[in-house]
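The structure appears right after this line, and notes come after that.
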Amino acid sequence: MIALHGGETIPVVDPTSADGVFSLLWLIIALPLAGAAILLIGGKYTDKWGHLLGTALPIGSFVLSVVMFFSLLGRADDDRQVSQHLYTWFEVGHLDVGMDLLYDPLSALFLLLITGVGSLIHVYSIGYMSHDPRRRRFFGYLNLFVSAMLMLVLAENYLGLFLGWEGVGLASYLLISFWQHKPSAAAAGKKAFVINRVGDMGLSLAIMMFFVLFGSTSFTVISENVANASETQVTILGLLLLVGACGKSAQFPLQAWLLDAMEGPTPVSALIHAATMVTAGVYLIVRSNFVFELAPHAQTAVVVVAIISIFWGAWIGCAKDDIKKALAGSTMSQIGYMMLAAGLGVAGYAFAIFHLLMHGFFKANMFLGAGSVMHGMDDDVDMRHYGMVRKAMPITYLTFAMGYLAIIGFPGFSGFWSKDKIIETALADNWLVGLCALLGAGVTGFYMTRMMLMTFFTNKRWEKDVHPHESPSVMTVPLIVLAALSVLGGVLILNDWIVDFLAPVTGVGAHEDPPLPALVISIIAVCVVAVGVALAWVLIGKRDVPREAPQDVSFVTRAGREEVYGNLINDTLVVNPGRHAVAGSLVLDDKVVDGVLTGGPMAVGALATVGRRVQNGYVRSYALSLLAGTLIVVLALLAVNLT
Amino acid sequence: MDFVKPSIEYAEIWPLLVIFGVACLGVVVEAFVPRERRYLVQTVLAALGLVAALVGTIMIAGELDVLGDGQARGLIGVEGSLAIDGPTVFLWGIILVFSLGGVLLFAERRLEGGVSAFAGQAAALPGTEAERQASTRGLEHTEVYPLMMFAVFGMMMFPAANDLLTLFVALEVLSLPLYLLCGLARRRRLLSQEAALKYFLLGAFSSGFFLYGVALVYGFAGSMDYADISEAVSNDVGNSTLLLIGLGMLAVGLLFKVGAAPFHNWTPDVYQGAPTPVTGFMAAGTKIAAFGALMRLFYVAFGSERWSWQPMLWVIAILTMVVGAVLAVVQTDMKRMLAYSSVAHTGFLLTGVLGVQQASQLSDGEVTSMQAVLFYLTTYGFAMIGAFAVVTLVRDSGGEATSFARWQGLGKRSPLVAGLFAFFLLSMAGIPLTAGFVGKWAVFTVALSAGAWPVVIAAILCSIVAVFFYVRVIVLMFFVEGEPEGEVASVTRPSILTSATILVGLAATLVLGILPGPVLTLAAHAGEFVR
């Protein structure tokens, strides 16, 4: 236990060795990894059944995760950390890194989310990708992603986490640019990769610093010793981890890749860029709670980044006509909420994870719903070409509506509980932060209602020859399951279950009363959301939506369409100076470096031409050189030793 | 006069005797077995002998006794003339492995259309009717196998020799068969015979120096035995000028064998002229044996006089690396280029040799000079045999095409073979993930820890130059655009014999690059010389 001022404590990581069913922990990662290996190495021989195998293996992992989850529940509260040492990964000098896995309440919940939602999305993909000639490869990449993500959340040390971190980055890159024949998809993959490098650099610097400070990268060792480090050191660590988290979770200022990432197939957007991978940053911060709790300044930075991201994403969501990009803006905004909660410390960690899970359900649901709509609309993503789809696709409509009600926080739905808790905690911490969170909820209500209306209501604006139809049941069944989860997910908060469950990881907070009673806050939040919804109804629902996006719009809308000039900012601040630096270094390379280097070979060449003359092929001159050499050797020996 | 029966430790030296026996038996086979059956009998005999000796070596390696301070294992046997210790058996092991590769290359008959790479009738003058007849009758010399076995016998004895006379005998036993083998090429016979004669003349010349050195050192120490010499040196009896001149002359004889500058001139001519299988065998085997002998002589007999010979080796090492790397840059013949590359490798190996330190000066687990050189020799041998084996495959109408111009665009015509060759070259250049990198790293480390940083800087600069000429060949094979002028070479499909040699070389080079640990441990386990 590390005691903090104010009576809060955060537990150190102190797992027991895995036994019983937990000794199968490695299998959870290995199953999808084997799938990826078989599908990617097996090549066309696995075309026929590859998608079925690729779906079965994550389901296997899900079953194992469920079994382990209940076994964990069967244990005492203080005995819920289990670790498994697989093998020594590498050992260099004093750095001894084991391939160790850690199973605790936090990773247990993540396992359920990743394998559960992941399996549903695999099932959905069977239908969604049925006409794609490279479906088998798609499933290979998806399996690779799942295994890497599981590695990320199961690792017992930062290097193992980093392995998964890079693995999901790779899978994300491969899947964003899956339709590589489209230049925009290829460029999007590259962009995601490059921007993620910035974040990864932060994480890898943090790992190096862990090693320098604590001689280890293991959570167990670091959490035990972190209190010995100075506050400055811990703050730097926290900021570096935050940079890493921003990159992966598309938080300001590393958010620009997420919207482009929507070039990937929609199941990818649902699984990787909504439900799981992008939440890895939140996981990183919650997992590193032992660092952040000792670095209040870093926590403040997390909160600031989170609030900027909430509004930045929401702004984009309000203005985009591309349904996937609007959802992506919303994802950024919702992850902002999770980061906010994580930045609030012990009081907020559990709610961050709670919102993360709920978001995983309803956002995956809505992305898959959007995919279903696109499937019916000949892959058109422009909401201005939708309208009245609810008649043609009733199941998609209903399930989407469940997701919609969940995300805006309609009372009783999952999002209501999770967002409400975050607003409440934020208000208790700082009224300004709380106000921002509250306002963000209203904007969410606005942009989600706009999307709902433009897609499923209002006038028909379909392209010619488009005949929307309901998707096959292999796609709608996952939608229904996810819709059910979106509605009912809130049960996890009953009796503060999730808070208590996560307490062995996140610690127990000193209870701080919010400035207003919880019920009042909830009512205010619902009212704010209602205002947002009403505004959307007045502005969009009551008018005809034009097929072409109007151009004479306010600055606010234009900025939103341009993703709040994120790309412009990157170009001006980084890309263009970078280009100039590259051009400059090219000139430097051509003129200076090459000049020096061509001088070297010329000298060598000249030397060689001289040396060659000795090698004239005559034994007599060879013998002479032998004799001369002997003289040199003998004289050198004498000169060195007899003087 | 009393005659005392010498005590001979048969249990420890029997691999040596097996090789010698097989060589003698080979001579008998030549006399009594009909000509058409000799090929099969000789190859099988040689291969079995080598395998038996290898098995014996491994068994002996496991049974050597640990001596006194635990640094060394083994014994000095045969009345003090042979030292069977860790380094000896390690060197025996790799010499035998590379000799097996040599036998396989010698036995290759598919490349020349049913005959070996050796002259049909060595006694027939080039260009005469007799030569034509010999070649139309499909004659071939199976004497090469006993000759080779005698050379292997010499190579094994060389690093084990523990007195100066045995050392000299081993030197000659190893050299004489090689002189002959060099002159036996089937094609370009004049070049081959010229090479043999040059090698012989220069070899004889350097042996003269060596023998004179033996005499002078005997004059100083009053004994041929390494242990006695060492004692005399540390007690500083007698005339040290005598010792230093003798030491210098002994060094010349050995440096000639390893091909260090300025005693390297024979290398390119001989490597080019000799039949390529012989070149591969000799490049690997001679260098290993001679480095073993060099280290034993310098470490054991003159170990306490380290400060007097280390500066000399510094100079020789730098000179050798510079000459090898620089001259290789302007070569246009593959075999000559590889010859200069082997000169450069000699320089790198000397860098390892001069990095010797007292065991007490080394921190725990640090790579020793011995370990580094042994490992380097292993990686070098695999890459060299593999590279020369590939050279035997690349042919045009006139036999092996060794000129660079012929190799242009080989990567497009035969990507597999060109890729293998490129891999061996990269290993020789010391690119990470190949064995050569680990070898270079090891020798540089020991030299640096012994304070020889000027040598290491020179070595690094020479490595950079070396990368240039290795990569030039890769560029030539893969990246040169446009039609080559004149005839180009193509790859002839070899039999399993050559393929196996290449594959073993490839596998070893790759494995030693990625997982050097086991062999490094083995080399460390070899320990120090017995004294």
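This is a predicted model, so every value here is computed, not measured. Naming: A, B, ... by sequence-line order, numbering from 1 per chain.
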### Query
Would you say the side chain of Gln615(A) lies within less than 4.5 Å of the side chain of Arg336(B), judging by non-hydrogen atoms?
yes
### Note, Phe209(B) side chain near Val634(A) side chain (heavy atom, < 4.5 Å)
no
Does [X] have more than 12 heavy atoms from other residues, nucleotides or ligands lying within 6.0 Å of its [atom1]?
X	atom1	answer
Phe211(A)	CZ	yes
Arg197(A)	CZ	yes
Phe193(A)	CZ	yes
Ile460(B)	CD1	yes
Phe220(B)	CZ	yes

Who wins among [options] for the most heavy-atom pairs under 4.5 Å with chain B?
options	result
Val619(A), Leu626(A), Val604(A), Val610(A)	Leu626(A)
Ala623(A), Ser621(A), Ala636(A)	Ala623(A)
Leu637(A), Val614(A), Leu627(A)	Leu637(A)

Heavy-atom proximity to chain A below 4.5 Å, by part of [X]:
X	result
Phe205(B)	side chain
Ile316(B)	side chain
Tyr340(B)	side chain
Leu201(B)	side chain
Val330(B)	both
Glu194(B)	side chain

Heavy atoms only: give me the nearest [X]-[Y] pair and the separation to one decimal.
X	Y	answer
Trp266(B)	Tyr622(A)	N-CD2, 4.4 Å
Pro262(B)	Gly629(A)	CG-CA, 3.5 Å
Val640(A)	Pro311(B)	CG1-CG, 4.1 Å

### Summary
So the side chain to side chain donor-acceptor pair (under 3.5 Å) pairs with at least one residue in residues 623-634 of chain A (sequence neighbours excluded) are Ser625(A)-Asn265(B)
### OH on Tyr618(A) to CG on Asp269(B), rounded to 0.5 Å
12.0 Å
### Task
Would you give the length of the straight line joining atom CG of Leu244(B) to atom CG of Leu635(A), rounded to the nearest 0.5 angstrom?
11.5 Å
### Query
Considering residues at least two apart in sequence or located in another chain, which fulfil the side-chain hydrogen bond (donor to acceptor under 3.5 Å, both in side chains) criterion with Ser230(B)?
none
